[in-house]
Student: 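Structure in structure tokens, see below.
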Amino acid sequence: MASENPTADDAVNGFNRPEMFSENLAGTVDAYDRHVFLCYKSHLSWPPRIEASDADPFPKRVAATFKARKNDLPLKTKITVCEVREEAGFLDGDVLIFPDMIKYRGLEESNVDSFFEDVLVNGKPWTAGVPEVFSGSHVYVCAHGSRDVRCGVCGPVLIKKLNEEIELRCLKDQISVTACSHIGGHKYAGNVIIYCPGADGKIMGHWYGYVTPNDVSDLLDQHIAKGEVIKRLLRGQMGTSVAEDKGADDQKVANGEDTSKGKTNHVESDNLSNKENMGGCCQGVNGVSCCRSASVEQNNEIEETPEAQKKGSKICSNWPQLQQRDILTAVGVLGAVAVVAVVYKLYRRAG
């Protein structure tokens, strides 16, 4: 049910609450190597503790298996629930794995053990499913309102704004925005994760906090389109810990550049297994020259001329030639597909 006084909500739990920008964000996400998203229902239906809910035995089973096999995993792994989005091809029981960009369908309570054993522990194709490669840019926004009202207020607003700006840039088929469950750091809401290729084509993951609707254009035009990390909002990233960097609020670094002075020895966290929530609460169209545009209300038609661009109308910018990192990413994905296919065939033949 929507609040009767959204302005009051914003002042108390939203983007104007007193705690906004009160803490240094750098280093508030621990180092990790792999992020697994479990597609499950709508964020509006998630209970506060979805990892322990008897009414939701499927994610509870995943959380219990993760806890039992955590020491067997060769990679530091986070597991997060994300909302089902049928229009984007993500169905109930789908599992998305970053940075591999691999999707498995058909995970259910009865085969969780074999998925962990095959894929996450031993790094081989799952005997109960066929790996699929997915692509595009992936933005995850914490909107777990039943767990914490701050993400419940900020998350949906950011998702709406992101989708509006993506539509203005004609990138709906290339950037996916999905609500995700608690990943720690509600006090840093709005919490956003972006998964996209770095300058070398390698898939990177960056976590942002204190994100407001005013930051959405920067996330799209700077981070996703140009590969520039917004350091003033950066909480951490996949593969490394971000050390505190005083005086760097307005600096930006190339996507994928190591911003830390050294890894910290924190225990990695995830919303399905760690109740201490030590961690914090998305993939890019790199090489795309996204346009800055006016609000949705000012859009009545698509203009593509230079004169129209100056007026701030809805514009789908011209697409430049593929840059080097796009080529590297494409080659890497194709190589991964070939390797997975060969290994899968050999494994099934041996079985």
Student: Answer with yes or no whether the hydrophobic clustering places L38 together with V84; edges join I, L, V, M, F, W, Y residues whose side-chain heavy atoms lie under 4.5 Å apart.
Tutor: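 Different clusters: L38 never reaches V84 through Ile, Leu, Val, Met, Phe, Trp or Tyr contacts under 4.5 Å.
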Student: Please list all pairs meeting salt bridge (Lys or Arg N to Asp or Glu O under 4.0 Å) that have one or both residues in residues 18-28, counting only residues at least two apart or in different chains.
Tutor: R17-E19, E19-R150, E23-K187
Student: Dump the intermediate steps for salt bridge (charged side-chain N to carboxylate O under 4.0 Å, His left out) on D215 and K161, then the final yes or no.
Tutor: CA-CA 10 Å; D215 299 312; K161 180 65 173 177; over 6 Å; no
Student: Would you give the length of the straight line joining atom OG1 of T80 to atom CD of E51, rounded to the nearest 0.5 angstrom?
Tutor: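 So the OG1 of T80 and the CD of E51 are separated by 11.0 Å.
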Student: Take a 6.0 Å sphere around CD of E86 and say whether it holds more than 12 heavy atoms from other residues, nucleotides or ligands.
Tutor: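 No - once you tally the heavy atoms of other residues, nucleotides and ligands closer than 6.0 Å, there are 12 at most.
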Student: With a 4.5 Å limit on heavy-atom distance, are the side chains of C39 and D92 in contact?
Tutor: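 No, every pair of side-chain atoms sits at 4.5 Å or beyond.
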Student: Does the structure place the NZ or CZ of K78 under 6.0 Å from the centre of the six-membered ring of Y32, at an angle of no more than 45° from the ring's axis?
Tutor: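 So K78 does make the cation-pi contact.
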Student: Could you grab the distance from atom CG of L171 to atom OG of S176, nearest 0.5 Å is fine?
Tutor: 12.5 Å
Student: Does the side chain of E165 reach to within under 4.5 Å of the side chain of L168, using non-hydrogen atoms?
Tutor: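 Touching, per the 4.5 Å side-chain cut-off.
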Student: Take the angle between the ring planes of Y208 and H206 and call it parallel below 30°, perpendicular above 60°, tilted in between.
Tutor: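 Y208 vs H206 ring planes: parallel.
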Student: Verify salt bridge (charged side-chain N to carboxylate O under 4.0 Å, His left out) between K226 and D221, making sure each step is shown before the conclusion.
Tutor: CA-CA 7 Å; K226 297 181 180 179; D221 300 338; over 6 Å; no
Student: Compare all side-chain heavy atoms of P99 with those of M238 and state whether any distance is below 4.5 angstrom.
Tutor: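 Yes, their side chains come closer than 4.5 Å.
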Student: Is there a continuous path of hydrophobic side-chain contacts, each under 4.5 Å between heavy atoms, that joins V149 to M20?
Tutor: no
Student: Are the side chains of Y104 and P125 in touch, meaning some heavy atoms are under 4.5 Å apart?
Tutor: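 Touching, per the 4.5 Å side-chain cut-off.
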Student: How far apart are the C-alpha atoms of F37 and H35, what are their side-chain angles, what is the distance that settles it, and do they pass the ring-ring contact (aromatic ring centres under 6.0 Å, His included) test?
Tutor: CA-CA 7 Å; F37 285 89; H35 203 160; 4.1 Å; yes
Student: Among the clusters formed by ILVMFWY side chains lying less than 4.5 Å apart, do V192 and F21 turn up in the same one?
Tutor: yes
Student: Using a 4.5 Å cut-off on heavy atoms from C-beta on, say whether the side chain of I224 contacts that of I175.
Tutor: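 Side-chain contact under 4.5 Å: yes.
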Student: Work out which heavy atom in R147 is nearest to a heavy atom in P48; give both atom names and the distance.
Tutor: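 Taking R147 first and P48 second, the nearest heavy atoms are CD-O, 2.9 Å.
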Student: Taking side chain as C-beta onward, heavy atoms only, is T178 less than 4.5 Å from V141?
Tutor: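 SC-SC contact between T178 and V141 ruled out.
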Student: Of the non-hydrogen atoms in Y140 and C180, which two are nearest, and what is the gap between them?
Tutor: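 Nearest pair, atom of Y140 first, then C180: CB-SG, 4.2 Å.
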Student: I need the minimum non-hydrogen distance between S114 and W126, along with the two atoms involved.
Tutor: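 The answer is OG-NE1, 2.9 Å.
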Student: In the single-linkage hydrophobic clustering (I, L, V, M, F, W, Y; side-chain heavy atoms under 4.5 Å), do L25 and V216 co-cluster?
Tutor: yes
Student: Evaluate W207 against N191 for side chain to side chain contact (heavy atoms under 4.5 Å, CB included), listing each step before the verdict.
Tutor: CA-CA 7 Å; W207 300 50; N191 283 303; over 6 Å; no
Student: Using a strict cut-off of less than 4.0 Å between a Lys/Arg side-chain nitrogen and an Asp/Glu carboxylate oxygen, indicate whether D33 and K76 qualify as a salt bridge.
Tutor: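 No, no charged N to carboxylate O under 4.0 Å.
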Student: Which pair of heavy atoms, one from L120 and one from R34, lies closest together, and at what distance?
Tutor: O-NH2, 3.0 Å
Student: Applying side chain to side chain contact (heavy atoms under 4.5 Å, CB included), run through I194 and M204 and close with a yes or a no.
Tutor: CA-CA 8 Å; I194 300 179; M204 302 296 297; over 6 Å; no
Student: Give the cluster check for L44 versus V153: same hydrophobic cluster or not, with ILVMFWY residues linked at side-chain heavy-atom distances below 4.5 Å.
Tutor: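 No, L44 does not connect to V153 through the hydrophobic network.
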Student: Just wondering, do L91 and R105 contact through their side chains at under 4.5 Å, heavy atoms?
Tutor: yes
Student: Checking side chain to side chain donor-acceptor pair (under 3.5 Å) between R61 and each of N111, D113, D56, which is the one that passes?
Tutor: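 One option only clears the test, and that one is D113.
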Student: Considering non-hydrogen atoms only, spot the tightest contact between T77 and F66 and give its length.
Tutor: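 Answer, listing the atom of T77 first, then F66: O-CZ, 3.4 Å.
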Student: Are the side chains of L220 and L162 in touch, meaning some heavy atoms are under 4.5 Å apart?
Tutor: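 Side-chain contact under 4.5 Å: yes.
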Student: Hey, could you give me the NE2/SG distance between H182 and C151, rounded to the nearest 0.5 Å?
Tutor: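 Spacing of NE2 (H182) from SG (C151) equals 8.0 Å.
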Student: Are E83 and K41 within salt-bridge range, i.e. N to O under 4.0 Å?
Tutor: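 Judged by the 4.0 Å cut-off on N to carboxylate O distance, E83 and K41 do not form a salt bridge.
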Student: Which pair of non-hydrogen atoms, one from L158 and one from P213, has the smallest distance, and what is that distance?
Tutor: CD2-N, 3.7 Å
